[in-house]
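Accompanying notes for the structure given below.
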Number of protein chains: 2
Amino acid sequence: MSKPPTVHDVARLSGVSTATVSRYFTGKTDAISPETIESVRNAAEALGYTPSEIGRSLRLARSRVVVMLVPDATNPFTADVAASVEQALKDFGLSMVLANASENAEQQDRLLSDAQGLRARAIVLQGAIDTPRLRDMALRQNNIIFVNRRPAPGIIAPYVGIDNFAAGRAVGRYFVERGYENCVAIHGPRHYSGSTERLDGFLAGLQQERPVFQFESAYTMEAGYRQGQLLLADHSRRYAVFCGNDMIAYGVYRAAMEKSMRVPDDLVIFGFDDNRLNEWLAPWLSTVKVPAFDFGPAIAKLIHEPIASDDPNRNVILPFTLTIRKSA
Amino acid sequence: MSKPPTVHDVARLSGVSTATVSRYFTGKTDAISPETIESVRNAAEALGYTPSEIGRSLRLARSRVVVMLVPDATNPFTADVAASVEQALKDFGLSMVLANASENAEQQDRLLSDAQGLRARAIVLQGAIDTPRLRDMALRQNNIIFVNRRPAPGIIAPYVGIDNFAAGRAVGRYFVERGYENCVAIHGPRHYSGSTERLDGFLAGLQQERPVFQFESAYTMEAGYRQGQLLLADHSRRYAVFCGNDMIAYGVYRAAMEKSMRVPDDLVIFGFDDNRLNEWLAPWLSTVKVPAFDFGPAIAKLIHEPIASDDPNRNVILPFTLTIRKSA
DNA sequence: CCGCGGCATGTAATCGTTGACGTTGGTCAT
DNA sequence: ATGACCAACGTCAACGATTACATGCCGCGG
């Protein structure tokens with residue numbers, strides 16, 4: 001309604017200077033007499049005063065906001081990661097602004113610009129797209145963190161995520177071990193390095209000269225469904241499908257269901273990410289488990305740490321495991 | 001790395017005053033000569049200048065940040081709503097900071113305080129918990145929007161969501177229509193008015209003197225699972241269960257699966273929310289469909305609208321439908 | 001009585017941006 | 001020639017908070 005109260009209002013009401021009020025709110029209480037503390041507290045309480053983060057940020061030349069850009073916030077895995085980051089940042093007194101880049105370079109650049117405008121303490125990029133703007137920013141500042149997709153060559157910035165190649169390879173080896181024939185990869189968009197790393201790892205793990213069918217797909221259920229339909233148009237043989245993420249796997253599963261195929265008898269499906277819902281809703285899905293809730297602490301630590309900016313060892317490689325459910 | 005450039009830097013480089021630079025970035029370009037525009041643009045480009053949202057907010061006494069508090073960001077329905085809000089706000093040049101209140105009053109109050117510190121343009125509360133602090137804030141400012149749970153009596157603030165009572169009643173009537181016996185309600189926490197409205201509506205819809213088994217449960221899969229286990233300890237009869245949301249329904253489903261019960265033959269499950277994944281992963285779930293993606297535009301409109309603060313008609317009641325899948 | 005040190009507090013500059021207002025210099029009608 | 005008017009700027013005072021530095025006070029040793 002009316003303007004919120006400021007330090008001046010509190011100072012006036014409690015009969016001290018703004019400096020003292022500020023000292024109180026910044027915790028320098030050992031330099032203030034107990035009675036003064038009391039009076040400031042009361043005044044602030046009476047006015048319903050909360051220090052302006054804006055004024056504070058301006059003065060200190062640093063904000064407490066971390067911007068997180070994700071390709072698709074409705075993906076449960078992404079939502080889990082975001083929740084984990086928010087939670088971890090909160091413990092350091094930081095806020096997270098979440099924004100959807102929608103797998104769109106322009107959109108991403110616009111959001112990067114917004115983040116810069118907010119003077120974000122850090123920018124967390126999940127599934128970054130390599131653009132000139134991004135390179136430029138990475139060059140000028142060192143507060144960008146890459147998640148799930150490594151920074152493009154030439155960009156020096158910390159990476160948090162699993163070793164995608166190794167994970168893909170583990171799946172390939174598992175396929176070999178189980179003796180699966182007719183291997184198929186429905187991988188994610190090629191412009192994400194994470195996608196190609198997974199794919200390359202998978203091929204390396206298979207170690208076979210036989211060709212592997214490869215399909216490129218967006219990381220959505222709908223796209224996975226379409227690719228699934230294409231693939232299963234011929235279901236004379238039993239395919240073993242490695243999907244770029246769980247969303248794609250869900251889509252393929254639906255395509256299979258509509259053809260009354262059974263998993264894993266008629267079709268093997270392997271996913272990637274293993275969001276929390278799988279355990280409850282997709283007991284048929286074997287998948288690579290990525291520890292979504294480990295991202296937050298790792299990222300928060302990177303942001304909070306006194307910057308050893310050019311230390312190459314700031315990458316955090318999280319462990320993955322294979323979750324084998326009845327689909328494989 | 002080094003401090004980001006400011007209006008002064010741009011002004012110096014382009015040989016104009018800061019006012020002119022400001023004019024350029026605030027779009028008052030019809031008061032600047034074309035050559036000057038060019039020179040400012042070039043200088044800004046060269047320096048990589050982006051206006052500080054902090055300085056701007058301070059000067060204009062309003063920020064472009066909207067804080068959204070949710071009970072559980074990992075709930076897919078919540079994630080969909082949040083994504084919808086973020087998307088809609090973006091079109092008005094607003095940013096969303098997302099925070100998890102974790103169904104915890106203290107946590108919520110702390111976050112409310114943070115939001116106040118950020119001088120948020122608006123605060124969107126999904127699943128608000130009635131606390132003195134919240135009442136106090138609602139009293140002092142009129143920028144709080146309640147989502148899914150109506151403001152407690154005495155608080156005047158807009159509400160966006162469906163008519164929970166009517167939705168519950170529709171489910172009750174549907175149960176009657178289908179002749180279900182042994183009706184059970186596993187409803188959400190009583191301190192959410194939304195939960196009790198759904199429950200009361202359900203009871204009203206059933207219109208029967210026979211008792212309805214009622215269980216209170218947190219809105220999580222785990223809690224639903226536990227309640228499901230309790231309920232199904234005796235599975236001599238076929239229950240018809242109305243769950244407070246889809247998470248609970250997932251939990252009950254799992255409990256049923258572990259007892260090798262079949263849905264809907266041995267057990268009827270009805271959920272609430274119908275997040276996007278159901279269509280793909282829970283074809284067995286009938287549920288109340290709440291239009292998650294309609295929330296964003298409605299909320300953004302409320303925020304953007306010139307405030308007619310005491311207009312009681314600022315509530316937005318969204319339509320719901322029943323999604324009947326093979327579980328009922 | 002003087003001076004020193006330490007405590008509690010006040011003064012004032014500063015952060016980046018904006019906009020009301022003032023200042024130019026030029027055009028044009030009288 | 002004068003004044004009115006306008007376009008195209010520049011000046012400067014906010015906005016809210018923090019903090020280095022200054023100030024006043026008190027106690028105490030010499």
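Naming convention: chains lettered A, B, ... in sequence-line order (proteins, then strands); numbering from 1 in each chain. Values reported hereafter were calculated over all heavy atoms of this structure, with side chains retained and with hydrogens, waters and symmetry mates removed.
- A heavy-atom distance below 4.0 Å to DNA chain D is reached by these residues of residues 24-43 of chain A, ordered by number: A/Thr26, A/Lys28.
- Along DNA chain C, the nucleotide closest to B/Arg23 and the one closest to B/Glu53 are compared, and the more 5′ of them pairs with B/Glu53.
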Give every pair of a protein N or O atom and an N or O atom of nucleotides 14-16 of chain C that lie under 3.5 Å apart, one pair per line with the distance.
unit_1, atom_1, unit_2, atom_2, d
C/dT14, O2, A/Arg59, NH1, 3.4
C/dC15, O2, A/Arg59, N, 3.4
C/dG16, N2, B/Gly55, O, 3.4

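- For B/Ser84 (side chain) and B/Gly296 (main-chain N/O), a donor-acceptor pair under 3.5 Å exists by modelled atom type.
- Among the atoms of the strands shown, none is found under 4.0 Å from any heavy atom of B/Val21.
- Regarding B/Arg62, its CZ atom lies at a distance of 19 Å from the P atom of C/dT17, rounded to whole Å.
- When heavy atoms are screened at a 4.0 angstrom cut-off, A/Gly15 is found touching the sugar-phosphate backbone but no base atom.
- Both tests do not hold together for B/Arg149 against B/Tyr192: distance to the six-membered ring centre under 6.0 Å, angle to the ring axis within 45°.
- Between B/Glu86 and B/Lys90 there is a salt bridge, since a side-chain N of the basic residue sits under 4.0 Å from a carboxylate O of the acidic one.
- Ion pair A/Arg133/A/Asp136 not flagged as a salt bridge, since none of the NZ, NE, NH1 or NH2 atoms sits closer than 4.0 Å to an Asp/Glu carboxylate oxygen.
- Close to D/dG16, at under 4.0 Å from its OP1 or OP2, lies no side-chain N or O of A/Thr18.
- A side-chain contact (heavy atoms from CB on, under 4.5 Å) with B/Met96 is found for one member of B/Val85, B/Val65, B/Val67 and no other, namely B/Val85.
- Around the CZ atom of A/Arg135, the shell of radius 6.0 Å holds more than 12 heavy atoms that belong to other residues, nucleotides or ligands.
- One finds no salt bridge joining B/Arg110 and B/Asp114 here, because no Lys/Arg side-chain nitrogen approaches an Asp/Glu carboxylate oxygen to under 4.0 Å.
- Relative ring orientation between A/Phe77 and A/Phe295 is described as perpendicular, the plane-to-plane angle rising above 60° on a 0-90° scale split at 30° and 60°.
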